[in-house]
Amino acid sequence: MTLQHRIDNVEARIQAACTRSGRSREDVHVIAVTKYVSLDVTGAAIQAGLTHIGENRWQDAEQKWNAFHSDATWHFIGSLQSKKAKDVVGKFPYIHSLDRVSLAEAIEKRASSLQTKVRCFIQVNISGEQTKQGLAPEEVKPFLEQLREYPHIVPFGFMTMAPYEAEPEDTRPVFRGLRQLRDEINQHLSEPVQHLSMGMSNDFEVAIEEGATWVRLGSILVGKEGE
Ligand SMILES: *Cc1c(COP(=O)(O)O)cnc(C)c1O
């Protein structure tokens, strides 16, 4: 399949998921995850109109970022070591993996010195799987309160990853869980934290039906080298 075919196919499926759930297409943003593909494919994806690019390791992203940083908006989606925050802040205006105070401190320090703000998604482990990163649901509200001490961090949304399921429908409780957590937390906040970063190649339609505002799509959208 060519890149344009992939894009058209994904677009049709996003549209259909929006229609099924009575949502507006404009409320769902697509991040093209380019971690599996080359510099050239990344450039082609941006040319084709995919202007939100996601990468999960700075070492792998560096070359692409240097080549295309002014042509796209960059999202850091992978888990981030605090000492690596300085590589990412200032280059990636969105970080999807904020899950601890030590990382918030590192992001704040760098963002403050650069006089920039970073939109952060708080990563939540809804499924409870040991191997998954993220705060436990009950830790999220106190964490948000702590974030008030970090004025260069904009609490922009929540992020979760569902376990891989052979039957995508089985991911629904995870995505629904994050949406319900958001809605519950927002009842107590004067400035609601609106966005939901959830849904990947295997499960994005279910995530959209459950309220995703950002989907992170790699293999299904830009492909995977070797496939
Ligand atoms: C790799 C990755 C994705 C995209 O994965 P696909 O299944 O190829 O769509 C999305 N989110 C995160 C955090 C990732 O690491």
Side-chain angles (χ1 to χ4, degrees), residues 1 3 5-14 17 28-38 41-42 44-46 48 50-62 64-65 72-81 84-85 87-88 92-100 103 107 118-127 129-135 156-172 174-175 178 195-227:
M1 237 203 271
L3 178 62
H5 277 119
R6 289 178 194 281
I7 293 172
D8 293 345
N9 173 49
V10 166
E11 181 55 34
R13 289 172 61 180
I14 292 174
V28 181
H29 307 279
V30 174
I31 300 167
V33 177
T34 51
K35 68 185 186 197
Y36 304 120
V37 299
S38 65
V41 174
T42 303
I46 294 170
L50 298 169
T51 54
H52 289 278
I53 298 293
E55 282 279 337
N56 70 339
R57 286 160 55 99
W58 170 241
Q59 300 94 291
D60 301 337
E62 188 168 4
K64 295 166 189 168
W65 189 89
T73 303
W74 293 76
H75 295 253
F76 196 86
I77 62 172
S79 61
L80 184 57
Q81 286 177 275
K84 299 275 174 66
D87 297 332
V88 166
F92 291 74
Y94 296 83
I95 294 176
H96 290 245
S97 50
L98 179 55
D99 62 356
R100 59 196 191 279
L103 179 59
I107 293 171
V118 188
R119 290 173 162 180
C120 291
F121 292 84
I122 296 158
Q123 187 168 353
V124 188
N125 183 354
I126 297 286
S127 70
E129 273 185 306
Q130 293 280 326
T131 54
K132 286 273 185 290
Q133 310 272 344
L135 294 166
F156 190 68
F158 303 99
M159 181 274 217
T160 199
M161 290 173 77
Y164 179 86
E165 298 285 357
E167 192 50 67
E169 182 59 34
D170 294 342
T171 61
R172 191 176 296 278
V174 173
F175 299 137
L178 190 64
H195 286 277
L196 294 174
S197 169
M198 57 189 198
M200 302 172 37
S201 291
N202 187 53
D203 51 26
F204 68 99
E205 290 151 301
V206 180
I208 290 170
E209 289 169 12
E210 293 300 329
T213 60
W214 295 83
V215 289
R216 309 178 310 269
L217 303 178
S219 40
I220 203 168
L221 182 61
V222 291
K224 203 166 180 172
E225 222 87 299
E227 276 181 16

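When a residue number appears, it is its place in the shown sequence, counting from 1. Remember, it's 1-based here, ligands and their atoms both numbered in the order they're listed.
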Can any side-chain N or O of Lys64 pair as donor or acceptor with the backbone N or O of Glu55 at less than 3.5 Å?
-> no
Identify all N/O pairs between ligand 1 and the protein with a separation under 3.5 Å and present them as a table of atom names and distances.
| from | atom 1 | to | atom 2 | distance (Å) |
| --- | --- | --- | --- | --- |
| ligand 1 | 8 (O) | Ser219 | N | 2.8 |
| ligand 1 | 8 (O) | Ser219 | OG | 2.8 |
| ligand 1 | 9 (O) | Ser201 | N | 3.0 |
| ligand 1 | 9 (O) | Ser201 | OG | 2.5 |
| ligand 1 | 9 (O) | Gly218 | N | 2.8 |
| ligand 1 | 11 (N) | Arg216 | NE | 2.8 |
| ligand 1 | 15 (O) | Lys35 | NZ | 2.7 |

Can you name the salt bridge (Lys or Arg N to Asp or Glu O under 4.0 Å) partners of Glu129, sequence neighbours left out?
-> Lys132
For a side-chain hydrogen bond (donor to acceptor under 3.5 Å, both in side chains) with Tyr94, tell me which candidate from His75, Arg119, His52 qualifies.
-> Arg119
Tell me the salt bridge (charged side-chain N to carboxylate O under 4.0 Å, His left out) pairs involving residues 198-208, sequence neighbours left out?
-> Arg13-Glu205
Got a sec, which pairs hit salt bridge (charged side-chain N to carboxylate O under 4.0 Å, His left out) with one end in residues 161-171, sequence neighbours left out?
-> Glu169-Arg172
Phe158 ring center within less than 6.0 Å of Phe121 ring center = no
